[in-house]
Amino acid sequence: MDAALSLVARDALDLATSASATRVRQCAGPLCGALFLDGSRPGTRRWCAMGVCGNAAKKQALRTRSAR
């Protein structure tokens, strides 16, 4: 367990000191809050996983629009 945690800590330090640190985002899902590295070309990714948080947000937006 200690070895795994030290690898995670080392990777976190590497990320924090790299140019990619500006691409760390927090998921826009209201119940999620996970952190992820936005590797998209424009840098506008909003969800940690489209299949989970993104899909739920898009379904909710559709329900809201349909109810009007």
Side-chain angles (χ1 to χ4, degrees):
M1 184 62 119
D2 289 341
L5 289 176
S6 67
L7 287 174
V8 169
R10 186 195 67 196
D11 288 348
L13 284 172
D14 287 345
L15 177 61
T17 59
S18 74
S20 297
T22 60
R23 291 251 177 164
V24 174
R25 308 269 191 266
Q26 186 171 8
C27 182
L31 301 176
C32 183
L35 297 176
F36 64 92
L37 185 61
D38 182 0
S40 66
R41 186 178 300 194
T44 57
R45 190 170 138 195
R46 297 179 53 201
W47 300 287
C48 60
M50 188 61 194
V52 181
C53 294
N55 190 38
K58 289 185 176 214
K59 283 196 301 190
Q60 183 59 41
L62 179 63
R63 285 186 197 116
T64 302
R65 285 191 309 268
S66 298
R68 292 180 187 174

*Asks:* Quick one: pull up CE in Met50 and CG in Asn55 and give me the separation to the nearest 0.5 Å.
*Replies:*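 Taking CE in Met50 and CG in Asn55, the distance rounds to 6.5 Å.
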*Asks:* Could you tell me whether the side chain of Arg23 and the main chain of Ser40 form a donor-acceptor pair under 3.5 Å?
*Replies:*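 Pair found, side chain donor or acceptor close to backbone of Ser40.
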*Asks:* Can you measure from CD (Gln26) to CZ (Arg46) and round to the nearest 0.5 angstrom?
*Replies:*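 The CD atom of Gln26 sits 13.0 Å away from the CZ atom of Arg46.
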*Asks:* Scan the side chains in residues 1-16 for donor-acceptor partners under 3.5 Å anywhere in the protein, sequence neighbours excluded, and list what turns up.
*Replies:*
{"unit_1": "Ser6", "atom_1": "OG", "unit_2": "Asp2", "atom_2": "O", "d": "3.4"}
{"unit_1": "Ser6", "atom_1": "OG", "unit_2": "Ala3", "atom_2": "O", "d": "2.8"}

*Asks:* Could you go through Leu62 and Lys58, starting from their C-alpha distance and side-chain angles, then the distance that decides it, and tell me whether this counts as side-chain contact (heavy atoms from CB on, under 4.5 Å)?
*Replies:* CA-CA 6 Å; Leu62 179 63; Lys58 289 185 176 214; over 6 Å; no
*Asks:* Strictly distance-based, threshold 3.5 Å: is any side-chain N or O of Arg45 a donor or acceptor partner for the main-chain N or O of Pro42?
*Replies:* no
*Asks:* What are the two closest non-hydrogen atoms of Cys53 and Cys48, and how far apart are they?
*Replies:*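 Closest heavy-atom pair between Cys53 and Cys48: SG-SG, 3.7 Å.
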*Asks:* With rounding to the nearest 0.5 angstrom, report the OG to CG distance, Ser20 to Asp38.
*Replies:* 10.5 Å
